Structures are given as structure tokens and as C-alpha cells.
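Just so it is clear: chains get the letters A, B, ... in the order the sequence lines come, proteins before strands, and each one is counted from 1. The structure displayed is predicted, hence computed values, not measured ones.
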Amino acid sequence: MNREQIIKEVSEIARTVFQKDDLEFSDELNASSFDTWTSLNFMQFLTEIETKYGFKFKMMELLKLKNMGAIVDSIMFHTSK
Amino acid sequence: MSSEPELKYYTVADLRQWLLHNKPKEGLSEKIIAPQRAYAIMNNPYVKDSDAVVSAIFEDEEPAAYTAAFPEILEKPKGKLAWWFSTLYCRPESAGKGYGLIVVGQLCELIGEGNYFDMDGAGETIEIFKHLGLTCSYFTRYIFCEKHINTSSLRGKLAFIFDWCKKLKLDRRKHAFCKKTITLDYYLKYSNYVDDEAYAFIIKHSKDDLLIREQRCLNWLLQYPFMISSPILSRVKCDTKFTSSVESYKLYLVKVYNKNDNIVGLYSFRLLNKEFSLQYLYYNDSYSEIVFSSIAQQFISFKAVSIRTTHENFAIWFRNLNFTSKNQKYMQSFSYLLDSIQLDAFSSIQQGDGDVFV
């Protein structure tokens, strides 16, 4: 699975979970980018990703998910195994 | 330039080094766990020195999120070891980064396969526990209290006068209740520990309880309450968001005896300032009037302004006394990961079940 494809899918999930139809993906998007990126929504976002790609983030891994770019990289790592 | 966030955990041995030898492991301070809470966990009868009990994330060496947990072996379900999460905090500027999940998840990873409980969690907390595989159920908590009136407006002032008249009426009702119940034939014994007689009574009269704590766990909670009142707090600096401190904190364990010297009821309650919370209640059905009346007497004599309970029978009985102007019902969450239990309409949770004796 290539990065572009993952970005497209993650963007769809993000638009739904963060209730932001006009969300434009960028690697720098993070918790301070928009108001609907709340703790609760972020939890749901992680759950959706884990369900879609069939893996669980390790706790130390979560600590490094500083932005969307890091999340996509992590998905690439897991799905390439 | 901010540095990378750091995830750390602390064991029971670390708490001991900090509290007794003043040698805290890096980052361990009252900012992430109140000393009285740490002291209680350190003295928990089920912990081992190597158990991880506190987890925290630091950003630029400042705590951004933290949690704590303690173990307990239950009487019901018999012999089950369960871990209670006792605090979870994430500072607002670090929200949305998944820190709550990370600190809780780290402790779960360190504890390993096990049974986990969390009581009365907020929305985010419930999601975290669901994510970690816990089931979330709800049960009812009843709160009876006085109305708070804002006297800054004319309407407020008029309402205040109306409420003051109503209060006089409620006071007369309480006075009449005391006069009427003075003839009930019972006496009370106050205690600061659950002795064998009391524990046998608990076992006999807790058929509907989802969980029953072991005698040594109840005594640990009585001996090391997570809360302390301000006279002690002034000597213990607490910056944590969970200081577990109040102006006034009292905890009582009461045994009720009939005229034949038989124990017919046992309850514990705590007074947090003027808020009365009925923590545990066990009674012989034939003596419910006596036991409930004695609780109401305590409520009156301590001049409490509110009372909370999860006990439906007592709540219905107390509501009929009309001692308070506002009666409320809340749904309280209980998240659990334990195959042998299921919270349903036929099982009950006591107010005192949970991470703290509050």
C-alpha cells in the first residue's frame, strides 16, 4: 500500500471523525490545528485506524504520533509487515 | 524548541524511596500523585515492590498527563485480582494527543493480562477504557440536596426569601422526624475498622452486590483514605490536580444493634465539608426502618446539605422524608474487564466501590 493511498483513506476517516468536511491533508496537521481535534475525537480516530488496518498501536508508538505525517508513516510501517 | 515527550512509570519501591527516604526517581513529585494517595498505595496489602502503579508523560520536564492504579483481590468474585485506576489527568494544552490512552495503556502493559476497573469516568476516560477492551456499564446514583440560589438579581432575592421559608419548613420536618424516631429501640457503635463480626454481616447481607471487597481491603481504605482535610494539607504541599484534599473530611463506620444486642445494620459514610455520602450500606431487611432512620439522624445531626447514595431502597425511603428541595438521579459509569461479572438490573454497586473511599 503506497503513501498516497493511505493519505486518501486517512483523510476520509479524519473528515468523518473530526467532523470537518473541508479537511485538507498535510503532514503537519496536529492537535492544535482545529477545534474538533479533541481528546475524544482523537481516541475515535485511532480506533477507526486500528480497525481499518488491522493492527494496534503500541503505547510508545502513540507517543511519537505528533502529527498526521507520523500517523501515516506508522500505518505504512504496520501494513508493510 | 520543545523536547520530545517522555513516558515514565513508577513502582511501589519508587514511591517508598520518595516518601520515606526523600529520594524521588526523576519526575516523581506531588505534581503527579498526592503524597497521601502515594502513601496509601504504598501500604496497599496486595502490592509488590516491583508493581508499576503510576504512569506519567512529561513535556519539557513538566507533567502533561498522569494516572495511578492499585490492585485488590476481591471476595466476590472470589479471589479475582483486579486493578483500579484511581486518577487520570491530562493538562488542557496537551489534550488531543492521546496521552490519556498512553499513560493508562502503559500501566496495563506493565501489569500484563489482568482485570481492570474504572469508576465514574468522564467521556474521554470511558473511550480510553473501551479502546483497551473494557466494557462500560452504567448504574444510578441518587443525590438529594438544597437548591443554590443566585441572589444578585431581584428574582434571585425573591427566590432566596421563598427558599428560606421552605428551609424553615424542612427544618421543622427534620425536627419532627427526630422526635418521632427517638422511640426506636436501637443503639450504634462507631468503629474505625471492619472486625470479624462486621465482615460476617457484610457477607450475609450483600447478595445483590456485584463486587464485595475483602476485609483487609476495606480496612486498608479506612486506614489510608486518599482524602485528607486541610489542617493536614497545609503541612503537605500538593500541586496535583488530584490533591484529594478538602476543608473538612470525616469518615465513619457505624454498626447498628437492636435491643437484643444483635447487629442489624452496618454502614459507612463520609462527610466532605457538608456533603454526606453513604459509602456502604448493609442491613437486615426486617430492620430497614431502624437502619435507615439512624442514617437520616446522622444526616441531620451533622447538618449536611446533601446526601448521595447508590442504594435504591434507601433513596426511595429518604426521598419520602422530604428533607431536601432537590432530588436528582445520575448515571455513573463503571468500566470493567472481568469475564465473571456483568452489571445488570439485578446487581448493585455501592457508592464506596471504586478507586477511592469517596
Side-chain angles (χ1 to χ4, degrees), chain A residues 6 9-11 13-78, chain B residues 1-9 27 52 54-60 63-67 69 85 88-113 116 118 121-134 136 333 335:
Chain A
I6 292 172
E9 290 171 354
V10 168
S11 301
I13 296 170
R15 283 186 197 108
T16 309
V17 173
F18 296 120
Q19 299 137 45
K20 201 164 168 57
D21 294 341
D22 59 348
L23 184 142
E24 289 291 328
F25 183 92
S26 90
D27 278 356
E28 283 69 42
L29 281 181
N30 63 30
S32 51
S33 299
F34 45 87
D35 290 347
T36 51
W37 189 313
T38 60
S39 300
L40 194 58
N41 287 343
F42 185 56
M43 281 296 310
Q44 282 162 358
F45 182 59
L46 291 177
T47 306
E48 292 287 328
I49 286 175
E50 288 181 345
T51 308
K52 181 164 182 66
Y53 295 102
F55 70 89
K56 283 265 179 196
F57 289 109
K58 296 270 181 222
M59 295 307 140
M60 287 306 288
E61 218 179 332
L62 284 174
L63 201 58
K64 291 172 185 158
L65 302 183
K66 285 189 292 190
N67 53 35
M68 282 289 192
I71 292 169
V72 170
D73 290 343
S74 181
I75 295 169
M76 283 191 70
F77 170 76
H78 282 282
Chain B
M1 180 80 184
S2 63
S3 56
E4 291 291 312
E6 279 187 277
L7 178 61
K8 292 180 180 171
Y9 70 88
V54 180
S55 171
I57 292 175
F58 297 84
E59 286 182 327
D60 297 322
Y66 47 81
T67 192
F85 278 85
L88 177 58
Y89 176 74
C90 179
R91 63 180 181 175
E93 58 266 45
S94 302
K97 297 180 179 178
Y99 284 0
L101 174 62
I102 296 169
V103 289
V104 172
Q106 175 179 243
L107 273 193
C108 290
E109 281 182 358
L110 290 165
I111 293 164
E113 290 285 313
Y116 300 105
D118 180 65
E124 290 88 344
T125 312
I126 292 168
E127 281 305 312
I128 287 169
F129 285 105
K130 275 186 188 168
H131 193 92
L132 292 167
L134 277 73
C136 181
S333 73
S335 302

Which answer fits A:T38, side chain, backbone, both or neither, if we ask what part of it has an atom under 4.5 Å from a heavy atom of chain B? backbone
Can you check whether anything in residues 19-29 of chain A gets within less than 4.5 Å of chain B, heavy-atom wise, and list it by number? none
Report the distance from atom CD1 of B:I102 to atom CG of A:L65, rounding to the nearest 0.5 Å. 7.5 Å
Contact part of B:L107 toward chain A, heavy-atom cut-off under 4.5 Å: side chain, backbone, both or neither? neither
Provide the full list of salt bridge (charged side-chain N to carboxylate O under 4.0 Å, His left out) pairs with a residue in residues 52-65 of chain A, sequence neighbours left out, each pair given once. A:E50-A:K56
CD-CD distance between A:Q44 and B:E124, expressed to the nearest 0.5 angstrom: 10.0 Å
Identify which of B:T125, B:L101, B:V103, B:I126 forms the greatest number of heavy-atom pairs closer than 4.5 Å to chain A. B:L101
For B:G96 and A:A31 the tightest heavy-atom approach is O-CB, 3.7 Å
Ring pair (Phe, Tyr, Trp, His ring centres under 6.0 Å) involving B:Y9 - partner list, sequence neighbours excluded: none
Value for CG (A:N67) from NZ (B:K97), rounded to nearest 0.5 Å, stands at 11.0 Å
Can you give me the closest heavy-atom contact between A:L40 and B:E127, atom names plus distance? CD1-CG, 3.0 Å
Which heavy atom of A:L63 sits nearest a heavy atom of B:E6, and at what distance? CD2-C, 4.3 Å
Note: A:S39 and B:A95 closest approach over all heavy atoms is OG-CB, 3.6 Å
By ring pair (Phe, Tyr, Trp, His ring centres under 6.0 Å) - contacts of B:Y99 (at least two apart): none
Please look at B:I57 and chain A and tell me whether the side chain, the backbone, both or neither of the residue comes under 4.5 angstrom of a heavy atom of that chain. side chain
